[in-house]
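Notes to accompany the following structure.
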Amino acid sequence: MSEFPASTVLGYPRIGPDRELKRALEAYWDGRSTREELERTGAELRAATWNRLAELGLAGLPSNTFSLYDQVLDTAVLLGAVPERYLEAGDPYFAMARGTQGLPPLRMTKWFDTNYHYIVPEIGPETVFKLDAAKPLSEVREARALGHETRPVVLGPVTFLLLAGALDRLADVLPCYEELLGALAAEGVEWVQLDEPALVADRTPAELAAVRTAYDRLGGLAVRPGLFVASYFGDLGESLPVLAATPVEAIGLDLVRGQAHSVLGKIVVAGVVSGRDVWRTSPELALARLHAVSDKAGQVVVSTSCSLQHVPYDLDAEQHLDPALRERLAFAEQKVAEVVALSGREFTGTAPAAPSVELIEPLVVEGRSLYQVRAAAQAGHLRLPVLPTTTIGSFPQTGELRAARAAVTAGTLSPADYERRVEQEIEHVIRLQERLGLDVLVHGEPERNDMVQYFAEHLDGFAVTRNGWVQSYGSRCTRPPILHGDVSRPEPITVRWARHAQSLTDRHVKGMLTGPVTIVAWSFVRDDLPLRDVVRQVADAVREEVRDLEAAGISIIQVDEPALRELLPLRRSSQEAYLEWAVAAYRHATAAAGDRTQIHTHLCYSDADQILAAIDGLDADVTTIESARSGARILESVSSFGRGLGPGVYDIHSPRVPGEDEVERLLRATLEVLPRERVWVNPDCGLKTRTYEQVEASLANVVTAARRLRQAL
């Protein structure tokens with residue numbers, strides 16, 4: 001095998017600088033283009049990426065990091081782990097990702113502690129693994145035709161099986177990896193990257209034994225490329241000596257979130273340029289980190305800490321940002337340039353000291369009246385039926401709305417005309433919900449581009465980009481705001497629209513806010529303050545908004561915290577402290593509400609059953625939570641939940657319309673574990689990504705099923 005290149009990245013954005021992949025996917029899904037046209041767009045994006053990385057001087061180019069939907073789903077296809085029920089679908093790949101009218105999709109959840117969502121593989125005792133290496137092999141050939149030799153990137157066997165909850169199938173899946181390595185070696189591939197991010201979390205002795213088994217076996221193959229096992233999102237800890245004792249030649253260390261360790265005789269791919277934020281790398285700190293590992297390894301390669309898919313493409317597209325702020329920033333293209341520059345420097349300097357342990361005084365946890373007191377006051381004031389129906393907040397964002405928003409930015413539509421357009425859309429949403437028979441209404445959020453960016457645009461301390469798109473899942477992209485200074489709220493943000501919506505109906509309309517943890521989690525956050533202090537500043541602003549909504553006559557206020565689980569540290573030793581301050585921040589944001597004001601919160605697609613005690617600690621009166629997409633697995637954990645709960649009965653990330661009987665079955669399952677007076681009826685998440693046709697049909701079935709069951713109780 002050849003020497004490992006001196007500089008590389010673990011992955012790169014794949015949606016296209018102008019979201020070309022998003023548009024191609026949605027055109028294909030809508031029947032406006034063919035699969036061949038979609039594949040052509042993918043090939044063009046891959047070629048542009050390889051050519052640009054080479055132009056920037058990067059020595060080691062990755063391949064197989066592109067995906068039409070998700071890299072974990074790609075791995076399931078690679079290994080033949082496609083459940084039989086999807087094989088008859090017109091396009092099994094997208095049927096697993098999005099479902100069809102008669103076939104629900106696979107479960108989806110968060111990729112470790114990021115806002116990227118992956119499709120959870122479904123592996124049972126009957127799953128037969130069979131390699132389909134067409135994708136990684138074809139990308140190697142594509143790149144070679146352009147003059148580039150690449151390093152294929154594949155999700156490693158241990159992480160893949162841990163994500164699927166099927167580590168007991170390791171012996172069955174390893175032959176596929178052996179066959180893949182042989183095929184890549186026959187193709188002339190010198191190096192393969194196997195991603196094992198699960199190894200930076202706490203691992204049991206049995207799991208560590210699986211790591212040893214897997215890489216002893218793969219490393220012992222007589223004919224194979226060089227093996228580079230990449231870890232990221234933290235420190236390898238107890239996994240490192242196990243991995244280092246196997247025959248793999250290269251190990252990736254995240255030196256932004258982890259520490260330098262001794263791996264004598266191995267190549268260390270040193271992640272010193274952060275792939276998780278947009279801040280410029282300190283050359284002095286990066287060189288010191290490289291120096292700290294240089295005498296503990298056989299060779300040191302400069303790299304990013306993880307894939308750059310978590311940051312936007314290019315800072316040059318953001319000329320509107322304040323020049324002083326721009327000087328502090330680096331997006332994917334600038335980070336590649338940093339990697340290349342560092343690889344040409346001598347690794348000298350003083351090794352960075354281990355971070356000091358910050359002694360943090362516990363936050364005072366604020367509280368409202370006891371839940372039983374509040375529940376009685378709210379029941380008398382709100383007068384809702386048993387099994388009240390509602391939605392999570394957003395309604396479809398139509399092309400007309402997006403065009404109007406863009407026209408205001410461009411100066412071709414006056415703010416007054418835009419506001420009238422928003423008011424018209426709010427009235428349309430209110431009338432639709434009244435006609436469908438929903439009990440608690442929402443205004444639909446037509447004025448909001450995103451549940452975090454909208455608040456960032458109205459809070460001091462934030463900057464927003466124009467083209468800083470990052471993939472969340474499939475074709476869904478977000479523009480994370482840049483939280484660069486102290487946060488404050490100059491004036492009310494949502495009160496005007498909530499008041500207008502409530503004036504249109506006699507039914508209760510929820511005020512809709514994003515919680516402090518989620519606003520911070522889904523932003524690129526300043527690194528000069530402890531995260532909990534930044535969250536507390538945002539909580540102060542949310543608290544002011546809650547107080548003003550209540551004063552405006554809004555009796556139900558939803559403060560969403562879908563990122564509460566997402567920010568949970570991967571190591572158990574740090575989790576309790578995080579949950580303490582995160583819960584305290586939420587309670588600070590909502591504690592000013594009176595007893596008659598019903599506080600809701602919402603969590604989705606985030607394995608919330610793992611932090612149910614913390615969710616209970618938020619002390620919200622009602623929690624709505626994803627359940628339909630994950631097969632109601634949350635119901636196994638909520639029997640002791642002491643407040644209102646709405647496990648979702650409608651998966652909004654699929655275009656399929658749930659039937660009345662399907663919704664009723666999910667509701668009956670909920671009533672088996674919760675008393676009826678605490679059960680709410682709602683979708684899994686907001687409806688922004690769906691069409692009005694899908695939404696009307698789905699909500700009509702939800703309301704009908706709830707009424708039918710209500711009459712039967």
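The structure displayed is predicted, hence computed values, not measured ones.
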- I would like to know whether K22 and W469 meet side chain to side chain contact (heavy atoms under 4.5 Å, CB included); could you show each step before the answer? CA-CA 11 Å; K22 170 187 173 66; W469 297 102; over 6 Å; no
Looking at [X] and [Y], what are the two nearest heavy atoms and their distance?
X	Y	value
S307	H310	O-CD2, 3.4 Å
P312	V470	N-CG2, 3.7 Å
L315	L329	CD2-O, 3.5 Å
T246	K266	O-NZ, 2.6 Å
V583	G617	CG1-O, 3.4 Å
L321	V464	CD2-O, 3.6 Å

- Inter- and intrachain pairs under salt bridge (charged side-chain N to carboxylate O under 4.0 Å, His left out), touching residues 244-253, at least two apart: R224-E249
- Task: Can you run down the salt bridge (charged side-chain N to carboxylate O under 4.0 Å, His left out) pairs that involve residues 308-325, sequence neighbours left out, and say none if there aren't any?
- Result: none
Any sub-3.5 Å donor-acceptor pair from [X]'s side-chain atoms to [Y]'s backbone N or O?
X	Y	value
S7	V340	no
R203	A198	yes
E561	Y586	no
S274	R276	yes
E139	N64	yes
E196	V158	yes
W522	P481	no
Q471	G474	yes
S343	A6	no
D74	S67	no

Going by heavy atoms in the side chains, are [X] and [Y] under 4.5 Å from each other?
X	Y	answer
V140	T150	yes
Q537	D460	no
Y118	T109	yes
V487	F462	yes
V273	V9	no
E207	V211	no
F66	L21	yes
P516	F455	no

- Message: Between the side chains of R328 and D527, is the shortest nitrogen-to-carboxylate-oxygen separation below 4.0 Å, so that they form an ion pair?
- Response: no
- Item | Side-chain ion pair, E457 and R479, N-O less than 4.0 Å | no
- Apply the test side chain to side chain contact (heavy atoms under 4.5 Å, CB included) to residues T518 and D560: give CA-CA distance (whole Å), side-chain angles for both, the deciding distance (0.1 Å), then the verdict. CA-CA 8 Å; T518 299; D560 293 346; 5.8 Å; no
Straight-line distance of [X] [atom1] to [Y] [atom2], nearest 0.5 Å:
X	Y	atom1	atom2	result
I15	C477	CD1	SG	4.0 Å
I611	R565	CD1	CZ	7.0 Å
S475	Y69	OG	OH	7.0 Å
D195	L10	CG	CG	7.0 Å
T65	R46	OG1	CZ	9.5 Å
E238	L208	CD	CG	5.5 Å

Under 3.5 Å, is there a donor-acceptor pair linking the side chains of [X] and [Y]?
X	Y	result
D18	Y313	no
H148	N51	yes
H588	D540	yes
Q334	R280	no

- Decide if atom CD of E576 counts as having more than 12 heavy atoms of other residues, nucleotides or ligands within a radius under 6.0 Å. no
- Query: How about R345: does its CZ atom have over 12 heavy atoms from other parts shown lying under 6.0 Å from it?
  - Reply: no
- Hey, mind stepping through R466 and H320 against side chain to side chain contact (heavy atoms under 4.5 Å, CB included) and telling me if it holds? CA-CA 8 Å; R466 291 177 179 169; H320 70 287; 3.4 Å; yes
- Message: A cation-pi test, strictly: NZ or CZ of R257 under 6.0 Å from the centre of the six-membered ring of Y232 and no more than 45 degrees from its axis. Yes or no?
- Response: no
Taking only residues two or more places apart in sequence or in another chain, which ones pass salt bridge (Lys or Arg N to Asp or Glu O under 4.0 Å) with [X]?
X	result
D216	none
E55	R52
E338	none

- Under the side chain to side chain contact (heavy atoms under 4.5 Å, CB included) criterion, do F112 and T159 qualify, and how do the steps go? CA-CA 11 Å; F112 297 91; T159 293; 4.2 Å; yes
- Message: Below 30° counts as parallel, above 60° as perpendicular, anything between as tilted: where do the rings of Y578 and W581 land?
- Response: perpendicular
- On the 0 to 90° scale, with breaks at 30° and 60°, tag the W111-Y116 ring pair as parallel, tilted or perpendicular. perpendicular
Under 3.5 Å, which donor-acceptor pairs do the side chains of residues 293-303 form with other protein atoms, sequence neighbours left out?
| unit_1 | atom_1 | unit_2 | atom_2 | d |
| --- | --- | --- | --- | --- |
| S294 | OG | H291 | O | 2.8 |
| Q299 | NE2 | F4 | O | 3.2 |
| S303 | OG | T8 | O | 3.3 |

